[in-house]
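I have placed the structure first, in the form of structure tokens, so that the comments after it can refer back to it.
Both ligands and their constituent atoms are indexed starting at 1 by order of listing.
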Amino acid sequence: MTLQQAQLATTATAAKTQIADKVAELVAAGNSAPTVGLVPTMGALHDGHGALFEQARAENDLVVASVFVNPLQFDRDEDYEHYPRDLDADMELVTRYGGDIVFAPDTQHMYPGYPDAPQIRVSAGQMGRVFEGASRPGHFDGVCTVVAKLWNILMPPAPATLRSYFGQKDAQQLAIVTRLAQDLNIDVDIRPVDLVRAPSGLALSSRNVRLDDHGMEKALGLSQALHYLADQVTNGERVDIDAARDIIRSHEHVELDYLEIVDPATLAPLSEELLARPLAHEALALVAARVPPVRLIDNMLLAP
Ligand code: PAF
């Protein structure tokens, strides 16, 4: 089967027109409720993004990817400047996964007058200041600002509806954008995409390539600790979070940043009182640790 090349839109007007035209075609062909699946990205796409595109393709009539390196979510200018950019390769990957439209605006189009703009920004509140946000001030505010803009720009005309895909790997980002849609009444259905694990249990990440065999083995402490907690919850036992932290710390040179059990919707850590009994509700375990030379994150839903 030859795949149709994804269409490129570099302006909001072009993207809106392309989406509206495709929606009109679908409606004319008898589809009374077309769905548009949006995969927001910062480009540098690789097969790790594949699960997002596969799920979006399987669930929607039209698949749109956005490719935009968002300066507002970088805490260091040099990271922003050195972020890899290769639109041709990104277009090829989106086409390979069956995507229809790529929205790839430049910075001045997204934020006319940048860096003096945008003046009006979205705050992720307390949810953005904890865990990954604690070491990256402003990061999640930047994510919320760009994601709200992308939803507004790419919102399809009725009767079509918008779904937006985010990886469960970045559990904090997923919880924050879910809350963003609720708090700002943006009519978008957030679709989580499962985290992918290697057979060893290690959560797949582009950073894993920087780990040698010893590093890989040490990194397994993160998923082992999460499984340990998940098993306790499934078995109706009280969770032993200190023992789970020790699993990670037992690996030499691994520095645990945090391992916490939180409410999946608010990211608030569960109280001592709740943790003193077997969990009655689903909770989320979040972990981050430095496994030299990289910092890794992982998470797991704990379901009683
Ligand atoms: O997860 C990402 O790649 C980015 O944070 C996102 C959601 C595309 C916003 O820039």
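Phe103 is not listed as a side-chain neighbour of Gln18, based on a closest heavy-atom distance of 4.5 Å or more.
When each atom of ligand 1 is checked for a heavy atom of Gln73 under 4.0 Å away, the hits are 4 (C), 5 (O), 9 (C), 10 (O). The ligand atoms of ligand 1 that sit less than 4.0 angstrom from a heavy atom of Thr41 are 8 (C). Close approach to Val146 involves these atoms of ligand 1, each under 4.0 Å from a residue heavy atom: 9 (C), 10 (O). The ligand atoms of ligand 1 that sit less than 4.0 angstrom from a heavy atom of Gln173 are 1 (O), 2 (C), 4 (C), 5 (O), 7 (C).
Remark: Arg136 does not engage Asp141 in a salt bridge, criterion side-chain N to carboxylate O under 4.0 Å. Checked for salt-bridge contact, Asp189 and Arg191 meet the test: a charged N lies under 4.0 Å from a carboxylate O.
For Asn70, the side chain to side chain contact (heavy atoms under 4.5 Å, CB included) partners are Met42, Phe68, Leu72, Gln73, Tyr111, Val146, not counting sequence neighbours. Considering only residues two or more places apart in sequence or on other chains, Asp257 meets the salt bridge (charged side-chain N to carboxylate O under 4.0 Å, His left out) condition with Arg295.
Between Asp170 and ligand 1 there is no heavy-atom distance shorter than 4.0 Å.
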